[in-house]
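Here's the structure we're looking at; comments come further down.
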Amino acid sequence: MNNLGEQYFPVNFIPTYIHNHPTFGVKRILTYTVFRFFSFVGKEDNRLASTLKEALFPCNDTFDFSLIERYLSEDMVFTPAFAEEGYDAFFLYTAISIVEDFFDDTIVSDELSVVDNLIFSLYPALGSVTLDDDVVHFDSLLQSGGEFYAALYLALTRYSASLGKLLPKFSAVYREEFHFTCEDFILYDFMDEYFEEENCILNTSFIELIDTLVQATLNYYNTDFDTLLAVEVPAMLNGTSSRFAPMKRFGCVTISYLPEREASLSMLREIFRYTAAYELRNHLFDYHLDEDKLITLENWKEKLRWHYVQYSHVFEPALDVFYSAVLSRKLLRSCFERNVTDLMRKDS
């Protein structure tokens, strides 16, 4: 098992994710892969964003940020981190647009051909090999982040039947700087190993365990998600919470914008569940050292004592992460609008 925080390419996770999410799994991984490909190429070619704008949105002067919001809210996995400068926000929008059109049966679209043509013009070697041929050496073929994600795109679109064979080859040449995706699966990889349960996150006993910890935390603070969203969160977003007081002297930003209520509640719940799982993980190490306290998915209701898990270590970090997520979303929107404005100006 990898240590928490290590960035790695999860060979087994990809087919499992596709299997567990048959309606959107392939589409989401493909979207993320195209985005990462654009992002790496864009670092080397500052004309890429303009080229994509002209090819895909020649007459479009209305770009809807909600497309990005929907993608980010759909699932916590395969969500990107963005560079503070550059066109990453536009690249994600573009990747979402072309992949959604490709999977939309009501639209006749060949926009993925833009990706194919870009790959083969930049990396002609990828067009001259058969990826699932045993003689192909990935270590010499994939030297950069752009090549890595270009080849992964080809594997997903042209060699889907050979993914089981190809993914270990990608793992062998993966580098930390390629940063495949967010680290959610690392936490749950630990849970899988600890509880000796494949896909622990889907196990009903594990879900009940985490939800019980979340509810116990809310009960301890005599609150619920609706109250948090109506009372606690607005105070934080306006910069009045004492926990954020030190930020004020560094230019704390007040936030009036929130996603619509149901989306905000969903985000708040997911963040609390992840934070509770993370806090539980910290204590499972201790339980594991004493066999008398070994926690399993069968005995946790009797063996796990909640006072060992600090409620404040769930409550405050979860609210802090929610605040940061809302702030980040606001900054992302600003970055996306700046990208679009810049590209429009270049077109004119």
Side-chain angles (χ1 to χ4, degrees), residues 4-7 32 35 39 65-86 88-89 92-93 179-188 210 213-214 217-218 221 223-282 309-339:
L4 191 73
E6 181 181 356
Q7 300 168 359
Y32 181 82
F35 161 75
S39 181
F65 182 71
S66 67
L67 190 70
I68 292 178
E69 287 185 309
R70 288 197 301 273
Y71 174 83
L72 295 177
S73 300
E74 185 179 34
D75 191 76
M76 292 183 71
V77 186
F78 298 104
T79 51
F82 300 91
E84 59 182 332
E85 299 293 340
D88 273 3
L92 178 60
Y93 182 90
H179 188 82
F180 180 66
T181 185
C182 62
E183 284 73 50
D184 289 22
F185 54 77
I186 298 178
L187 171 62
Y188 295 112
I210 298 304
L213 178 52
V214 170
T217 301
L218 296 175
Y221 285 93
T223 188
D224 54 47
F225 288 126
D226 287 304
T227 302
L228 285 176
L229 206 59
V231 179
E232 182 86 11
V233 169
M236 284 199 305
L237 296 184
N238 284 291
T240 58
S241 175
S242 60
R243 213 157 57 248
F244 293 97
M247 293 176 60
K248 293 178 182 178
R249 63 189 174 99
F250 297 104
C252 181
V253 176
T254 61
I255 301 174
S256 58
Y257 169 77
L258 268 177
E260 59 95 14
R261 182 171 179 76
E262 285 305 313
S264 296
L265 280 172
S266 176
M267 182 165 67
L268 191 59
R269 290 191 194 100
E270 285 299 318
I271 288 172
F272 260 84
R273 295 185 80 251
Y274 183 86
T275 309
Y278 190 88
E279 170 64 3
L280 178 63
R281 169 205 171 271
N282 293 337
V309 181
Q310 297 297 313
Y311 294 122
S312 62
H313 292 175
V314 177
F315 189 79
E316 293 188 3
L319 288 179
D320 293 352
V321 170
F322 183 83
Y323 173 90
S324 301
V326 174
L327 176 60
S328 296
R329 189 69 61 89
K330 185 179 181 70
L331 295 176
L332 178 59
R333 174 189 284 267
S334 176
C335 179
F336 176 68
E337 292 172 350
R338 186 170 65 249
N339 284 175

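Contact check for Leu72 versus Pro80: side-chain heavy atoms found under the 4.5 Å cut-off.
For the atom pair Phe272 CZ and Leu319 CG, the distance stands at 4.5 Å (nearest 0.5 Å). Rounding to the nearest 0.5 angstrom, the gap separating the CG atom in Leu229 from the CD atom in Glu262 is 9.5 Å. Separating the CD atom in Glu337 from the CG atom in Leu332 is a distance of 10.0 Å, to the nearest 0.5 Å. Going from atom OH of Tyr71 over to atom CG of Leu92 covers 6.5 Å, rounded to the nearest 0.5 Å. Note that the CD atom of Glu279 and the CD1 atom of Ile210 stand 10.5 Å from one another [nearest 0.5 Å]. The CZ atom of Phe315 lies 10.0 Å from the CG atom of Asp320; values are rounded to the nearest 0.5 Å.
Residue Cys335 comes nearest to Gly86 through the heavy atom pair SG-O, 4.4 Å, listed as atom of the first residue, atom of the second, then distance. Of all non-hydrogen atoms in Ser312 and Pro317, the two that sit nearest each other are O-CD, 3.1 Å. A pairwise comparison of heavy atoms in Asp88 and Ser39 identifies OD1-OG, 3.0 Å as the closest pair. Listed here is the closest heavy atom pair of Ala230 and Pro234: O-CG, 3.4 Å. Across every non-hydrogen atom of Met267 and Phe322, the tightest pair is CE-CE1, 3.4 Å.
A side-chain contact (heavy atoms from CB on, under 4.5 Å) with Leu218 is found for one member of Val314, Leu213, Leu228 and no other, namely Leu228.
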With side chain to side chain contact (heavy atoms under 4.5 Å, CB included) as the test, would you mind laying out the steps for Thr223 and Glu232 before giving the verdict? CA-CA 10 Å; Thr223 188; Glu232 182 86 11; over 6 Å; no
Step-by-step side chain to side chain contact (heavy atoms under 4.5 Å, CB included) determination, Glu270 to Ser73: CA-CA 10 Å; Glu270 285 299 318; Ser73 300; over 6 Å; no
Could you walk me through whether Val214 and Arg269 pass the side chain to side chain contact (heavy atoms under 4.5 Å, CB included) check? CA-CA 9 Å; Val214 170; Arg269 290 191 194 100; over 6 Å; no
Check the pair Arg261 / Asp226 against side chain to side chain contact (heavy atoms under 4.5 Å, CB included), numbers first and verdict last. CA-CA 10 Å; Arg261 182 171 179 76; Asp226 287 304; 2.9 Å; yes
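Taking the six-membered ring for Trp and the full ring otherwise, Phe35 and Tyr93 have centroids separated by 6.0 Å or more.
Aromatic ring pairs are classed by plane angle as parallel below 30°, tilted from 30° to 60° and perpendicular above 60°; the pair Phe336 and Phe65 is tilted.
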